[in-house]
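Scroll down for the structure; my scribbles are underneath it.
Fair warning: this is a prediction, and the values are worked out from it, not measured in the lab. Counting starts at 1 for both ligands and their atoms, following the listed order.
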Amino acid sequence: MARLDDTETFHSIMFPGHMHTKDSLNYAANFRFQDTDTVIVTYPKSGTTWMQEIITLVLNKGDPTVAQNQPNWARAPWLEQYYCADVLKATTGPRIITTHLPYHLLAPALQHSKAKVIYVARNLKDVSVSYYHFHKMANFLPDPGTFSDFLNDFLKGEVHYGSWFDHIKGWTSHAKDIQNFLYITYEEMWQDLLGSVRKVSHFLQFPLTEDELILAQKHCSFNSMKENAMVNYTLIPQEIMDHSKGKFMRNGKVGDWKNLFTEEQSRLVDDVYSSQMADSSLLFKWECPEESRRPLMTNYTSETYTQKITLLT
Ligand code: A3P
C-alpha cells in the first residue's frame, strides 16, 4: 500500500490514505472486542509507542525479547489500519490493540465490553510540536507549512485524526461508560516511569515483582527505545518516513514546546484551551522540571535477569 498523497475522510475526520481505507475504518467501527483485549487509545504523538512498549514489557515480566524482535505494529496493531485484521488473526493469546479513533466512533463496538482501555493523554502544546515535526518526516502526512500555519490548523482540528479537544473530551467524559478504563498522562509517565509501569501492571491484573518492574522500566526508557529498531520506525522505508528530516524518537521531553512557541502562540493556545476545556476538569502539566523526575532505577542488569531465568529453568 502506498497512497502517500491520499486522504481518507471518515465521519468528517481525515486519515492518511496510506494505511487507512474505507474498509479498514468500517472494520474498526464494527469491531468485536473480546473481554481479554487491551486497547491503547491516544491522540497521535501522545505516547502511543511508549504505552505499547510498557504493556509489552509488563506482559513479558520485564523480558525484552519480544520488544526487541517484533515491531510495535505487529504486537499492538492499529485497529483502523488495513493490516489489523490479518495481524489479529495470527495473534495467539490476549490481544493488544491500538487506536487513534475518537470515542464516538468506537463507542458502539465497546458497549458491554470488558476490554481494558488505557487512554494516554499528553499536554496539547507538546503534542502540537511533536505532531508538527512528525509531519515533516512522515511522507503520508501533508506538508505542515510553517509552525504557525500548522498550529492554527491543529487548534481548529483541521488535521489528520481530527481535534485534540474532541478526542480527549470524548474519551474522558465517557470513562464511566467503559467498564475497565485507565487514564494516564505522558507527563506522569515521564515523571515516574517505574510508578507508571506498576500502575499499568496493576490495571492489567498482571502482577510483577519489584525486580521485574525495574527491568520493564529500564527497557521503556527513552534512551533504550531510541535504539530499538522495533519501535523507532527505522524499519520503515525512507520514502514513507524520511529519517533525514527528523527522528520518530525525537526528544521525549515535557515542555519542549517552549523551544518553538512564541509568547503570542502560547497565549493563543491558552485562550483556545480555556474556552474549549471549560467543561472539562482535566488538568495538564505544561512542563516538569528535571528535579521533579523520579530517577530511573538501573540497579538491575539483564545479566542478573539472565542468571535468574537460568536458575529458574
Ligand atoms: P517527541 O516528538 O516530543 O519527542 P506517539 O508514539 O504517540 O506517536 O508519540 C511519539 C512521542 O512520544 C515522541 O515525542 C516520542 O519521542 C515520545 N516517546 C516515545 N517513547 C518515549 C519514551 N520512552 N520516553 C519519552 N518520550 C517518548
Could you see which bit of [X] sits under 4.0 Å from ligand 1, with heavy atoms only: side chain, backbone, both or neither?
{"X": "Arg122", "value": "side chain"}
{"X": "Ser224", "value": "neither"}
{"X": "Met225", "value": "side chain"}
{"X": "Tyr186", "value": "side chain"}

Can you tell me which residue and heavy atom of the protein come closest to [atom], and the distance to 0.1 Å?
{"atom": "atom 20 (N) of ligand 1", "value": "Met249 CE, 3.3 Å"}
{"atom": "atom 15 (C) of ligand 1", "value": "Phe248 O, 3.9 Å"}
{"atom": "atom 7 (O) of ligand 1", "value": "Thr48 OG1, 2.5 Å"}

Phe181/Tyr183 aromatic ring centres below 6.0 Å =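 No.
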Compute whether any side-chain donor of one residue and acceptor of the other, for [X] and [Y], lie under 3.5 angstrom apart.
{"X": "His100", "Y": "Thr42", "value": "yes"}
{"X": "Thr209", "Y": "Asp211", "value": "no"}
{"X": "Ser221", "Y": "Asn223", "value": "no"}

Within-cut-off N or O pair, [X] and ligand 1, under 3.5 Å:
{"X": "Gly47", "value": "yes"}
{"X": "Tyr43", "value": "no"}
{"X": "Lys45", "value": "yes"}
{"X": "Asp126", "value": "no"}
{"X": "Ser46", "value": "yes"}
{"X": "Cys220", "value": "yes"}

Judged by non-hydrogen atoms, does Phe134 sit under 4.0 Å from ligand 1?
->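 No; Phe134 lies far enough from ligand 1 that no heavy-atom distance drops under 4.0 Å.
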So, for Val127 and Ser46, which heavy atoms are closest and what is the spacing to 0.1 Å?
->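 For Val127 versus Ser46, the nearest heavy atoms are CG2-OG, 3.8 Å.
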Locate the shortest heavy-atom distance separating Gly47 from Met189; write the atom from each residue and the value.
->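 Answer, listing the atom of Gly47 first, then Met189: O-CE, 4.3 Å.
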Counting only heavy atoms not in Lys136, do more than 12 fall under 6.0 Å of its NZ?
->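 Enclosed: over 12 neighbouring heavy atoms sit under 6.0 Å from NZ of Lys136.
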Look at atom CD of Glu263 and say whether more than 12 heavy atoms of other residues, nucleotides or ligands are closer to it than 6.0 Å.
->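 No, because the 6.0 Å sphere around CD of Glu263 holds 12 heavy atoms or fewer from other groups.
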Within the distance-only criterion (no hydrogens, no angle test), does the side chain of Arg75 pair as donor or acceptor with the backbone N or O of Ala67 below 3.5 angstrom?
->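 Looks like yes, one N/O pair under 3.5 Å.
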